[in-house]
Each structure stands twice: as C-alpha cells, then as structure tokens.
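All residue numbers in this chain count up from 1 along the given sequence.
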Amino acid sequence: MSLDEHSALIEQLKPLLMEPDFQAIFDMLTKDESNSTRFLLKMELNRISALCTRIIDLRDKSELACEEIEDGGRQHYLDEPAKESFKESMALYHGKYTLGVYEHVIDAHRRRKTKLQETGNVAEVSAPEPYIATGVVLGSYFNRSEERMNYSIRISAVQPGRGESLGITVDLSVGGARIRLPLKHSFNVDNPIRVKLLELSDEYYHEDLQQGVEYQIVDTETNSEYCWMRLKRVGGSDALTQMLSNLIKGYKFRYKVDINDILVAATGLGFERHYLPHLPHLPIFIEPDADNYKITHKLLSRDNQQLQYYFQDEQDISQLPNMITGSRIKAMIDEPDNKDHTLFFCFTFHSNGRVYFYSATLAELKETKLLSLFLSFGSSKPSWKTLKLTYHAIDHRKSYKASILPGDDSCYSALTEAQLKRFSHVLQLIDLTDPQAKEHYLNWNSRSDKATNELKVFGQQKLLKNNVKLLSLQFSERRNEARFSFKTQVKASQGKKVVTGTTRDISSKGLQLALEQPIHFDRTAPIQLTFPKLQSIAGKTNLSQLPYRLIRERQSGSSIHLAAVMGHSPHIGVEFMNKLITNNRDKLEKLTEANSEMKELADALKNLLVRNLDSVPFFIEKTVKTAKLSTLGVSAHKNEITDLFAASASRPLEYNLASLLKDGRLKQDFIDPIRAMKHQTGLDYFELYLQISRQSLGEVKVKCITPNEIGDTKAREHFITQSQNLGRFMALRVYRGVTDKPDLSYVRKEMEYITIHAHHKAKQLQERLWRIVGVGELLDITEEVLLRYPDLYQQTKLEPENSLA
C-alpha cells in the first residue's frame, strides 16, 4: 500500500491530530481500511506530528526578501509566501513546530518556484555576491539603562505641516521606542515627530496620550516596504513616565525583553577586542591650555609601542610633546581643511651620546620653502619617519561608557568622569614610513640649493622630564605584572646566532629588546642573555648566559619580547630584576600597571578612540572550505573609504569589496599571507593605488592595483595623473594580521544578559567571534603618497621654491 493513495485521508486527519478524542475519530475514519494500512497511517501521522528542530532558511533559495522569524529559540528566514505557509501550518498543529510544519513550508515554497519558472515570471536568481562585507558598528552604541519590551500596538505619527502616517510599535520603553511605518512616509528624519499610542489612549486616559508624545528620531532602517525608526522620547509628563513604567512591569513576563541594542553593543565590543591588540597607531589625548593645547595622556596597545619608543631619548624621556606642540595642534584644529598641518616629517641626530630630534609639518616646510631640503636630507637618515596626525573633537554629551545594561550606572567614577571632561580632542599618530619610499624622497635633492644648516630651525627643544601619562589597553592575555621603562645593553645568543641589543622595558620575569640588527630566533629553544652593563652593580651575581624564551617578535626580528625560563631552581635574572625594580621604583617610569587603578580611565579612553577611528578595520572569517573578508568595522562619522565601497552595494551597512578582492586578490593578498603569520608577530602591510571614476549612470568604478604592478616611477606618475583626470586618485595602506582567540571575558556581562532573554543569539554571536581568524585595516595615505613623486607634486601643489625648482 502506498501512502500516496491515502493523501486525502491524511490531510483530513491532520487538523484532528492534537484533539483529545483523536483516537476515536481515527478509528471511525479508517474503519474500512486493513490493519496494515491503519498501522502505516498511524505511523505517518506520528511522524509528521513529532517536534522538529530543523531550521528553515530560504535566503539563498528565494527571489524575494526574507525576514527573520523566531520560534522556540530557533531562527527561521522566510519570504512572505513561506511566512504565510508557516503560520497556517503552525495553527494546524496547535502552535507546535513539527516535522509536518517544516515539510509543508518547504513543499509550498518548491511548488511556488516551479509554477513561476513554468510561467516564465521569475528570472534566474544570481548567486550571492562573494565580495559583500557587512558593517559592524564600533564605538557608537545605543546604550539603554532601562528595559524595552517587544510590544506591538497601533500608532499614528505626525510632523508639523506633514500628513499623518499609521504604523505599529516594534518595541517600547519608558524613554524610547522602535516603530514601523510605511516606506513612503513624508517625515523629515532630522526633526522630532509626535506619536499617538492609539491602543493605550483607548485604555488609559492621559493628556499626553491624547495629544501624542514627542520623540526624536535617532536611527532609521528600510526595506522595500517599511521604514523602522529608533526613537528617543523628548516630551511627556511625569505621569506618562509612571504609566509606561507600570505598563512594562506588568507585561514583563508576557512579552519578550528586546535585546537588540545590547546585541549590537556586544557584537561591536567583541569585534573591537580582535582589532585593538593590533592597533598600530598611537592614540593621544589633549586638554586646552590657555589659548593652546597640551598632550596629557597616551594609550598603548601591543602593536603601537614601537612608535612610542621612537621618541624616547638617551634618558628615556619622551620628546613627543615637543613634536606635537600646542601651536601645531592649534594650527591643525583652526584650519581643518588644510591637510598640510597633519603631515609630519622627523629624523634624529646623534652627538656625544645624546639624541636630538628634528620635526616639521608639511605646512611649515612650504611656508619656509625648505620642503625639498628637509625631505631629501631627512630621508637619507636611518631614523627618517613620515607621520600623519588625525584629530576629532570629543562629544561630551554622550556617555563615555561603551555599553550600559538595564540597571547599570551610566557613568564611571566621579574622578574618572572629571578627568574625561577635561579632554577636548582625541588624536591618532599614524606611522606612514615605508622603506621603499625613501628613494623617492631622495629625489627631492635636485630641487633645492639651500644649505643644510637652515634646517636648525626645526630642531626640537629637549624635554627634561616625562609629563605625559601612559595608559595601556587592557586585555585578558596581557602580562600580569607591571612593566618599567629601562635601557641597558644585552647580548643575546642561541647556538651560532649572536646579536647585541638594548632593553626597552623590563619586568621581573620578562623584557623587551631592540636589536642592533634583525635576527630570527628559534621559538622552541632557549635564548641566552648576558647583561654586561648591569654586571658592574651585580657583585657576585653572575648575569651571563641566563635562559629566556621568545614570546613574540616584531619589525621582522628587530624587536623581541622575552620571558624568563623558569625551572626548579630560582632564576638569577628574575631575582636580580625584581631587586633592581624594588630598589629603584621611584626612579623608573612605569609603563603599565598590574591591577591598575587607571584601568577605568583606560577603558574610557579606548571608547573615545574607537568612536573616532580614521582607518577602517576589517575581519577575516573562516568558512567551511576557506575564508572570506566578511566584516568591516564602521564608526558613526563619515569615512571616505567606507563611502566608496558602500556606493556599489544595495543595502545599508553592506560594502561591495569586489574591486579590492576579485581576480584572486582575496586569497593572494589576504588569506594566504595571514595563514603564514602568527598572532604574536603583529601586522604587516601592502599598498594599493585606486583609480576612482564615475560612470554615465552615476555608478562608481574603482580600479585597485599595487604600485609594483603599475611599474616604475614614470608609470606610477602617469597612473596618478590619469586617475585625477578621470575622477580621483586614492592610495590605501592595507594592514593584515592574525587574531588570537576572542576575548569573551570583556563582553561577559552583555553575553549573560543576552543569554537570559535569547540564548540562541548569544550562542550565534559567540560562534561568530570564534570564526574570526584574521584582522587588519584600510588606511587612506593619499596625501603622503603624492609627496613621493616630486615632479608630479610640484606641478599640482607647489609654487617653485627657488631657481632650481
């Protein structure tokens, strides 16, 4: 017997499956069937009424937009017809998600697609675009100190001089709401709207409800049919506040708590923990000082300390404040459209054991007509650096905290809040130095006939003490003891490899070494250290051939981090370093703290930084077969790089990276190099030249190519000129590196809150963070790259400096 012959009978029995007298009805309707047929019918009915755990996901199977549908902790993605089928069959099984529901939705979808194809009404559905990345918001989260309920009621919304629009609430809190309106509403999203909560005004009498409550529009999202608005309440009486508070408390256990904002915040925080250990730039915080500004704090990551050490002189005193002077900061802020104030050029000069620093901005070099001389002379020095300084004003109206859970205090301690209010701007010092570019800068030599001693005007005055506080980003895997700035000579050996270096910082159990020449040590074998300068004060303690192990190396082996190899007997180096630090604690500059009281301030400075990133972080996610660049980190302020890639994407917070990744570049430039790296080695980089042109229909065409692929200097100059004639030229530096395991301890509170209200979403986020294997960033270096081509730059940017120009 085939069950197909009895399909009509099965369909007749389906609606009765959950009825208490089903057995009697079944016996009556099958009384004419054989025992074997009745047995098979019963087995089939038991099968389709069994609870199902399978997920229905039609996102890559339907030509229609799919919506997320939640049921019993499962997330389905259904188009509109499938959604109707789902509701219809769920009702059939009394609201239980059974195998019959699953099969009904899938069969209905298959029949609809077949019918459309037979009538020719459906086009071939193209494969998903492989180079689309989604955006994760970093830094700017909609923090909420109150619970918001998924509570749907009818509303009407109006603005002065505009028509009324009807919609519904998606969620509701005392101080805000999320509403859904038709896509073609007539509202200006920059102005407040007045919302009438129609169903509440029928049940409760409040003057505010009758007249409508005023809300500010914070954020909008759209699809082909609706517009969702995130609102903040700016009007209404205390009585309305009390009524809404009582309403939410009364319905708390009947409706779901909305965790969307906390999920957004936790996602951003989770991704930033992958990026921040590799932050290559030096964040600097400034305060107003009379009519000027002064640097007061710097923020250290694992990968930006090389930049910090560059400015240390022979006495371990940072000369950075005398490069980023108050007058230079003021000029940059007062003339925001003049990018010449943001490009810095530096070199050092050694004499009689002392280090002297020379620095100038591009604006200063143009004004003094010493650009050619400074660039050509400075770039001949091993210490040559090209730097970019960016700045953003701090918005003190926003909470300094990154994530606020319902019931949390929205502020840090009073002392921390007072310090944060004193800051006016967050700066980022970005190292643009490229060894391959030095030869281009040397070409400026033929354009100047001025004497070298004219550069004395750019010599920095020496600072005699450190007056800027250093704070470290806090990570769960950081060293668990304080580090101190300290310089002494060290001889390192491993087998036949021998090299001399200088300590940059020390702790009792570890140290960082700057080597005189790059060398790669074997991680699996000990490295023997000898301290010749310290031996004179060590007495009978023998500070030679002490065993240490390699933790990480940076700058291709020029800088290494070492930890003492601890055995059963005491380590002589650890005992000596511990005594050295204890006896000289007041004289040594502390770089980081273990369990520091400054941890709260460091966290707040991190939040201010992430809200104002100038680069665009990206994240590489492993897939079943390989990996993909899946995510970009985006901040609230405008960014030319994300705008460029968003122009050819179809949805908000999506970015089409085809021009960057196609033709095998994803594997060649991202996946393969990252697979060959280790997370301890930091980031490396390559550069891209972009030709950006606008097509006849308004589309933006982007061509990405490396300088080496273009050719020699003349070919590159031609490419830049052609790009400027067609539209615009842009140069990008692309950093890339390997991530460590996700720092889930940092988002523990958020994850616990999400788990309580939507366990599956917490699990999905955790799995997503574990899939991230690579990290990097896209950085605009256009202004600096143009300076590498003197002929081209002088034609477009400069008046002749002298008779030879």
Exercise: identify the closest heavy-atom pair between [X] and [Y]:
| X | Y | result |
| --- | --- | --- |
| Ser536 | Lys533 | OG-O, 3.0 Å |
| Pro277 | Arg302 | O-CB, 3.4 Å |
| Ile581 | Ser508 | CD1-N, 3.8 Å |
| Gly737 | Met677 | CA-CE, 3.8 Å |
| Ile519 | Leu515 | CG2-CD1, 3.5 Å |
| Gly270 | Val747 | N-CG1, 4.0 Å |

Please round to the nearest 0.5 Å and tell me the distance separating atom [atom1] of [X] and atom [atom2] of [Y].
| X | Y | atom1 | atom2 | result |
| --- | --- | --- | --- | --- |
| Ile324 | Phe311 | CD1 | CZ | 6.5 Å |
| Leu432 | Leu387 | CG | CG | 7.0 Å |
| Thr386 | Lys438 | OG1 | NZ | 10.5 Å |
| Ile537 | Thr488 | CD1 | OG1 | 8.0 Å |

[X] side-chain N/O to [Y] backbone N/O, donor-acceptor pair under 3.5 Å:
| X | Y | value |
| --- | --- | --- |
| Thr503 | Phe486 | yes |
| Asp316 | Asn466 | no |
| Thr361 | Leu343 | no |
| Thr325 | Asn322 | no |
| Lys491 | Gln545 | no |
| His297 | Leu471 | no |
| Asn607 | Tyr400 | yes |
| Asn304 | His281 | yes |
| Gln535 | Thr541 | yes |
| Tyr746 | Arg273 | no |

* To do: With the side chain counted from C-beta on, respond yes when Gln428 and Leu613 share a heavy-atom pair under 4.5 Å apart, and no when they do not.
  => yes
* Just wondering, do Asn584 and Phe484 contact through their side chains at under 4.5 Å, heavy atoms? -> no
Decide, yes or no, whether a salt bridge links [X] with [Y] under the criterion of side-chain N to carboxylate O below 4.0 Å.
| X | Y | result |
| --- | --- | --- |
| Glu272 | Lys606 | yes |
| Glu553 | Arg523 | no |
| Lys579 | Glu575 | no |

Is it true that, when you exclude [X] itself, more than 12 heavy atoms of the residues, nucleotides or ligands shown sit nearer than 6.0 Å to its [atom1]?
| X | atom1 | result |
| --- | --- | --- |
| Lys487 | NZ | yes |
| Lys462 | NZ | yes |
| Lys469 | NZ | no |
| Arg771 | CZ | yes |

* Decide if the gap between the ring center of Phe618 and the ring center of Phe670 is smaller than 6.0 angstrom. => yes
* To do: Assert yes or no for the condition that the ring centre distance of Phe347 to Tyr358 is strictly below 6.0 Å.
  => yes
* To do: Take Asp431 and Thr433, measure what side chain to side chain donor-acceptor pair (under 3.5 Å) needs, and give me the verdict at the end.
  => CA-CA 6 Å; Asp431 189 355; Thr433 312; 2.6 Å; yes
* To do: May I ask you to check whether Gln306 and Arg504 show a side-chain donor-acceptor distance below 3.5 Å?
  => yes
* To do: For the pair Thr296 and Arg422, evaluate side chain to side chain donor-acceptor pair (under 3.5 Å) and give the outcome as yes or no after the intermediate values.
  => CA-CA 10 Å; Thr296 61; Arg422 291 199 290 269; over 6 Å; no
* Pair Leu546-Phe531, side chain to side chain contact (heavy atoms under 4.5 Å, CB included): steps then yes or no -> CA-CA 9 Å; Leu546 304 178; Phe531 299 85; 4.0 Å; yes
* Can you tell which of Phe374, Phe377, Tyr356 makes a ring-ring contact (aromatic ring centres under 6.0 Å, His included) with Phe458? -> Phe374
* Parallel, tilted or perpendicular: rings of Phe357 and Tyr310 (30°, 60°) -> perpendicular
* Asked: Can Lys401 be said to sit on top of Tyr412's aromatic six-ring, NZ or CZ under 6.0 Å from centre and within 45° of the ring axis?
  -> yes
* Is there a side chain to side chain donor-acceptor pair (under 3.5 Å) between Ser507 and Asp505 once you walk through the steps? -> CA-CA 7 Å; Ser507 62; Asp505 64 62; over 6 Å; no
* With Ser318, the side chain to side chain donor-acceptor pair (under 3.5 Å) member among Lys465, Lys298, Gln308 -> Lys298
